[in-house]
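Numbering of ligands and ligand atoms starts at 1, following listing order. One-based numbering along the sequence shown.
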Amino acid sequence: MNLFDLQEKTLPNHYKEMTNDQLRERATQLKKKLGNDLFIPGHHYQKDEVIEFADSTGDSLQLALVSAKNQKAKYVIFCGVHFMAETADILTNEQQTVILPDMRAGCSMADMANLHQTEKAWEELTAVYGNTIVPMMYVNSTADIKAFVGRNGGATLTSSNAKSMLQWAFKQKKRVLFLPDQHLGRNTGYDLGIPLHEMTVWDPLKNEIIADKKNTISETKMILWRGHCSVHENFTVEHIEELRHHEPDRRIIVHPECTWDVVQQSDDSGSTKKIIDTIESAPSGSKWAIGTEMNLVNRLIKNNPDKDIVSLNKEMCPCLTMNRIDLPHFVWALDSIDQGNMINVIKVERDIAADAKNAIERMFQFV
Ligand code: 13P
Ligand code: SF4
């Protein structure tokens with residue numbers, strides 16, 4: 001990255017000096033000025049100061065769907081993380097421009113798989129298992145791996161539709177390579193009745209299968225990429241045991257990016273949308289502990305004052321990369337459109353986008 005790129009990608013100082021009121025006023029004014037030329041999707045993990053300006057909020061599946069549907073807005077300011085903005089760019093048309101307000105808003109899980117590692121794994125795994133594997137990719141991944149999956153007959157999935165997507169996958173081939181979140185893979189496979197000894201783990205750093213004595217090649221149904229979410233791994237069985245000991249009547253709901261043990265010991269699990277729907281439809285006075293990102297947990301606490309809601313982990317922080325999108329970066333993105341000098345444009349190469357779109361559209365059959 002040269003100095004010019006860096007200047008382009010770094011928030012100019014005057015945005016840091018503006019007060020919150022000034023920033024909100026500017027955002028309101030520019031949003032109104034741009035009208036239907038602008039579309040702002042916002043993920044549930046975003047800060048309140050940004051969600052306030054979103055035209056549509058949702059989990060990753062919902063945001064992919066609304067991005068595909070809106071073919072009119074010239075500009076999409078995506079309030080979420082990089083892989084979500086890439087997906088929006090893949091699903092919008094050539095005339096539309098997708099902007100991510102801060103390019104540092106990545107996802108540590110998506111960083112745990114790159115194309116080179118995936119191609120290497122594919123070579124080694126097909127040498128062991130033959131032509132029996134279909135690659136299934138959690139959307140929390142880069143566009144070039146989604147394209148690899150599209151080229152190899154696989155599909156993307158999210159935590160909202162992981163179960164039906166795996167059922168689809170097992171109709172295509174005998175085995176699934178599940179990338180990059182081993183926990184979502186294990187939790188979903190187990191939910192479908194696949195025992196743990198029929199799952200192995202692929203270590204992309206060592207380029208090898210990690211299998212215990214019970215795993216045999218012929219029995220293996222799922223090969224789980226050794227990736228995880230550094231936010232959701234902070235919820236542990238110890239948190240659940242402590243809570244059950246002191247408050248046995250508090251129900252626990254977690255995101256399926258949590259480990260298998262945590263999901264097994266919770267009362268329920270599901271995507272951010274499912275967590276929100278469950279809490280909102282719960283009876284007044286009910287008590288909940290939630291195992292997911294803190295911006296969302298705090299919003300649920302604020303919006304449901306008739307319920308007693310806590311985080312499953314009292315020490316929990318927000319997802320740091322989601323949190324990179326703040327009001328100053330958001331206003332910077334708006335200003336850049338207004339001044340005709342757009343910053344932080346997300347552009348996926350045409351060939352990659354075409355193959356990745358195949359993988360995503362296979363998923364859209366199951367929404
Ligand atoms: P959802 O699809 O449930 O919104 O999850 C996205 C995500 O990144 C969770 O960490
Ligand atoms: Fe990625 Fe985890 Fe943050 Fe979701 S919560 S965006 S998986 S790092």
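Under a 3.5 Å cut-off, the side chain of K146 and the backbone N or O of V139 do form a donor-acceptor pair. Remark: the backbone N or O of I279 is paired with a side-chain donor or acceptor of K307 at under 3.5 angstrom.
No part of E293 comes within 4.0 Å of ligand 1, judged by heavy-atom distances. Using a 4.0 Å cut-off between heavy atoms, T292 makes no contact with ligand 1 at all. If you look at S60 next to ligand 1, the close heavy atoms, those under 4.0 Å, come from the backbone and the side chain alike. Neither the backbone nor the side chain of M109 comes within contact range of ligand 1; no heavy atom lies under 4.0 Å.
Under the 3.5 Å distance criterion, with hydrogens and angles disregarded, a donor-acceptor pair is assigned to the side chains of K173 and N131. Defined by atom type and a distance below 3.5 Å, a donor-acceptor pair is present between the side-chain atoms of S108 and S230. Side-chain contact of D306 with S284: a donor-acceptor pair under 3.5 Å is present, judged by distance alone. A side-chain donor-acceptor contact under 3.5 Å links Y15 and D335. E293 and H255 are not linked by any side-chain donor-acceptor pair at a separation below 3.5 angstrom, with hydrogens and angles left out of the test.
With respect to atom 8 (O) of ligand 1, the closest heavy atom belonging to the protein is N140 ND2, 3.1 Å. With respect to atom 7 (C) of ligand 1, the closest heavy atom belonging to the protein is E257 OE2, 3.6 Å.
Taking a cut-off of under 4.0 Å to the non-hydrogen atoms of S271, the atoms of ligand 1 that pass are 3 (O). Close approach of ligand 1 to Y45 (heavy-atom distance below 4.0 Å) involves ligand atoms 7 (C), 9 (C), 10 (O). Counting atoms of ligand 2 from 1 in the listed order, those under 4.0 Å from a heavy atom of E257 are 2 (Fe), 7 (S). Atoms of ligand 1 lying under 4.0 Å from any heavy atom of S159, numbered from 1 in the order shown and given with element: 1 (P), 2 (O), 3 (O).
The shortest N or O to N or O distance between H255 and ligand 1 is below 3.5 Å. In terms of polar-atom proximity, K273 is not counted as a contact of ligand 1, lacking any N or O under 3.5 Å from an N or O of the ligand. Polar contact check, D59 against ligand 1: no nitrogen or oxygen pair lies under 3.5 Å apart. For ligand 1, the polar-atom distance check finds an N/O of T272 within less than 3.5 Å of one of the ligand's N/O atoms.
Between F330 and F53, the gap from one ring centroid to the other is short of 6.0 Å. In summary, the aromatic rings of Y190 and W260 are positioned with their centroids under 6.0 Å apart. For F148 and W122, the gap between ring centers is short of 6.0 Å.
Sorted by chain and number, the protein atoms of type N, O or S within less than 2.8 Å of atom 3 (Fe) of ligand 2 are C319 SG.
Ion pairing between a basic and an acidic side chain is recognised when a charged N comes within 4.0 Å of a carboxylate O; D59 and K274 show no such pairing.
Checked against D355 for a salt bridge (charged side-chain N to carboxylate O under 4.0 Å, His left out), the options R362, R151, R350 give a single hit: R151.
The 12-atom threshold is not exceeded at CD of E349, counting heavy atoms of other residues, nucleotides or ligands nearer than 6.0 Å.
Not a single heavy atom of M322 sits less than 4.0 Å from an atom of ligand 1.
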